[in-house]
Every structure is written in C-alpha cells, then in structure tokens.
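Atoms considered below: every heavy atom in the structure, side chains included; atoms not considered: hydrogens, waters and symmetry mates. When a ligand or atom number is given, it counts from 1 through the structure's own listing order.
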Amino acid sequence: HAKQAGKHRFVFFSERMNHQVRERLLLKNNLRQGLSRDEFLLHYQPKFDSRSGRFTGLEALARWQHPGRGLVWPSHFIPLAEETGLIVPLGESVLEIACAQNRAWQARGFPPFRVAVNLSAQQFRDRDLVATVRGVLQRTGLASNWLELEITETVIMQDTERAVAILEQLRAMGIRITLDDFGTGYSSLSYLKRLPVDCLKIDYTFIKGIFSDPQDAAIVRAIIAMAHSLRLKVVAEGVETEAQRVFLREQGCDEVQGYLAAMPLPVQEVEQYLA
Ligand code: C2E
Ligand code: MG
Ligand code: MG
Ligand code: MG
C-alpha cells in the first residue's frame, strides 16, 4: 500500500516537475526576445529617514511585462537571466532606464534624490562594468552622486581583491555603494573593514523576526552598532509594521524601506507620490 502511494506521489511529482521545467524553459527562451522588445520596466520603492520620516530616495526593481503572462516578478526571471548570461545586457538596460528616469525627474523640477540599482554577481565579474556604468551616466546625463548601486555579499566573496578594486573605482566616481541583504552571506568582519561601501542594508528576514525571535532582534541591534562603528549607514528592508519602524528608529537605524511606508510603485504612481 505504502509502495503504491509512493508511486502515485512520484507520478504526480514528476508531472509537476515537468511542468515547472517546461515553464522555466519557455520563459528562458523568451528572455532574449523580451529584452529586444523592451518588455522590461522598473518599479520604484521609496526609502525614508527613520527619524524624520523624510523621503531619501528610490530603489529600482525590475519587472517583466510579458506579452502572455502579465507582469512577471524578479524571482521568476533574474535567476534565468543569470543562468543564460543575459543578466549583463538586462542589467545595463535596467541601469540605463533608472538613470534616464532620474535625470528626467530632475529636469522636470523634482528635488533631486538618489536612485538605487541592484547589480548581480555576474555583472560584477564583467570586465567592462566600470566602463558600462560610466557610459550610462554619460548617455543619460545623470550626475554620478544621484546613483547608488546595491550589491550582495556573494559578489564580494567570490573575488574580494577584484571587488574591492572595482568598488573603489565606482566610489571614486561619486556613486554610493550599498551591501544588500546584509547578514545572509558570510561576510567576515576583517574584510568588511576594508570594503569600500557606504551603507549596509539589513536583510528583511531579520526584520521579520524582530518581535518573534529574540535572536533576530539581537542580530539587528548588532548590525546597526557595527555599521555605525565602521562609519557606515544602515538601512532596514522589508519594514511592514509600525512597531518594527519604532524599534528600528530606537536602535538608531538610519533609513527604512518596506510595505509599511510604500510598495514598489510604477512610474506614474511614483510621480503622484513625489508631487
Ligand atoms: P532586493 O534588492 O533585496 O529587493 C527587495 C525586495 O523586497 C523586492 O522584491 C521588494 O519588492 C520586496 N519588498 C519591499 N518591501 C517589502 C516588505 O515590506 N515586505 C516584503 N516581504 N518584501 C518587500 P522584488 O521586487 O521581487 O525583487 C526581488 C529581488 O530581485 C531583489 O531583492 C533583487 O535581489 C532582485 N532584483 C530586482 N530587480 C533587479 C535588477 O534590476 N537587477 C538585479 N540584478 N536584481 C534585481
Ligand atoms: Mg536591493
Ligand atoms: Mg535587499
Ligand atoms: Mg532581499
């Protein structure tokens, strides 16, 4: 009996697997076409000063307006773009859209703010990253101090020496660097000290546990204290409740980002918000 149930389960499982594999393959094959047809767009999520509540800038988050599937979220296509190498041209396109958009907002008279763009490890391994970023800034006319780049710990762990050299060049241009999803990787404190970054963004998994898991609260406190003693700014991502915001403010976290204050918004809604 057990054997039979197991067998059925296996059949069901393998059919589902097949379906998922096919879906992935379909999306993967659509990526290149999507890129050439400009189907990728950005939503923007505001960040705020945790003390004053003042708006401090936006993070650009990629979305895929797929002709047959509607709006596809990054967890469904960023890994595929990484597997196929298309993350490099996609990343450049995202960077260009974000910089052009920010320049356009400035030209229309909105008070200037930074826009943050996520970079994947593969873009970071690309020899031309610094030249690509410089080229995008030149083409769009955005001053480099209005651009922020978010990278994860994995980017740095793969080749620390190279990463440090590239980050130094980007920072010398005036770009702000943030270490995203902080706490989920294996950063050692000794290299954090040497890393040319401006800001740590505490991963949302720790924020989620602030009131349910005393260890998460302890980790959040420790990250804030460590960041400040290294003279880095700290941002919390995934802030969903007022209680979390109050806790973070009391612990001295500099900025907050999350559904509590604002979702990632399409351009039109960002503009309503900014106005
Ligand atoms: P991330 O950079 O850590 O971005 C934060 C993610 O948390 C976003 O998911 C955002 O929509 C979501 N989020 C914001 N506030 C809250 C909240 O209060 N609660 C919860 N539960 N989630 C919140 P999204 O847009 O699905 O992006 C997921 C990840 O995909 C990003 O994580 C980033 O690693 C990657 N990604 C997005 N756009 C790009 C891109 O243009 N290039 C690259 N390389 N990666 C990107
Ligand atoms: Mg990010
Ligand atoms: Mg993050
Ligand atoms: Mg994250």
Discussion item. Between ligand 1 and Val94, is the shortest N or O to N or O distance under 3.5 Å?
Written reply: no
Worksheet item: Considering only heavy atoms, does Asp180 approach ligand 1 within less than 4.0 Å through its side chain, its backbone, both, or neither?
Response: side chain
Fill in: Lys47, His228, Arg249 screened by side-chain hydrogen bond (donor to acceptor under 3.5 Å, both in side chains) with Asp254, the one that passes
His228
Fill in: In the protein, N/O/S atoms that are found under 2.8 Å from the Mg ion (ligand 2), waters not counted
Glu59 OE2, Asn118 OD1, Glu150 OE1, Asp180 OD2
Discussion item. Does only the side chain of Arg63 get under 4.0 Å from ligand 1, or the backbone, or both, or neither? Count heavy atoms.
Written reply: side chain
Item to complete: Of the side chain and backbone of Glu237, name the one, both, or neither that has a heavy atom under 4.0 Å from an atom of ligand 1.
Response: side chain
Worksheet item: Do any N or O atoms from the side chain of Asn102 and from the backbone of Phe113 form a donor-acceptor pair under 3.5 angstrom?
Response: yes
Worksheet item: Counting heavy atoms only, which of Met263, Glu150, His76, Glu240 is nearest atom 21 (N) of ligand 1?
Response: Glu240
Response to the item:
On a heavy-atom basis, the closest approach of Val130 and Met173 is CG1-SD, 4.2 Å
Worksheet item: Heavy atom under 4.0 Å from ligand 1: found in Pro264's side chain, backbone, both, or neither?
Response: side chain
Worksheet item: Does Gly238 have a non-hydrogen atom less than 4.0 Å from ligand 1?
Response: yes
Response to the item:
Any heavy atom of Trp73 under 4.0 Å from ligand 1? The part involved is side chain
Discussion item. For Ile78, which part has a heavy atom under 4.0 Å from ligand 1: side chain, backbone, both, or neither?
Written reply: side chain
Worksheet item: When you measure from the side chain of Arg63 to the backbone N and O of Leu71, does any donor-acceptor pair fall under 3.5 Å?
Response: no
Practice prompt. If the plane angle is over 60° it's perpendicular, under 30° parallel, otherwise tilted; pick one for Phe211 and Phe247.
Written response: perpendicular
Worksheet item: For ligand 1, is there an N or O atom under 3.5 Å from any N or O atom of Asp181?
Response: yes
Worksheet entry | Side-chain (Glu237) to main-chain (Tyr204) donor-acceptor, under 3.5 angstrom | yes
Fill in: Where ligand 1 meets Glu59 - atom numbers and elements under 4.0 angstrom, heavy-atom basis
2 (O), 4 (O)
Item to complete: Answer yes or no: is there a donor N or O on one side and an acceptor on the other, between the side chain of Gln244 and the main chain of Glu240, under 3.5 Å?
Response: yes
Worksheet item: Between Arg125 and Asp159, does at least one N-O distance fall below 4.0 Å, as a salt bridge requires?
Response: no
Worksheet item: Does Leu61 share a hydrophobic cluster with Val136, counting links as ILVMFWY side-chain heavy atoms below 4.5 Å and allowing steps through other members?
Response: no
Worksheet item: Can a donor-acceptor pair be found between the side chains of Glu59 and Asn118 at a distance below 3.5 Å?
Response: yes
Worksheet, complete the sentence: Logged contact type for Leu260 with ligand 1, heavy-atom cut-off 4.0 Å, is neither
Fill in: Glu242 with Arg245: basic N within carboxylate O range, under 4.0 Å
yes
Item to complete: Over all heavy atoms of both residues, which pair between Leu27 and His66 is shortest? Give the atoms and the distance, please.
Response: CD2-CD2, 3.8 Å
Discussion item. Taking 4.0 Å as the limit for heavy-atom contacts, which would you say applies to Gln45 with ligand 1: side chain only, backbone only, both, or neither?
Written reply: side chain
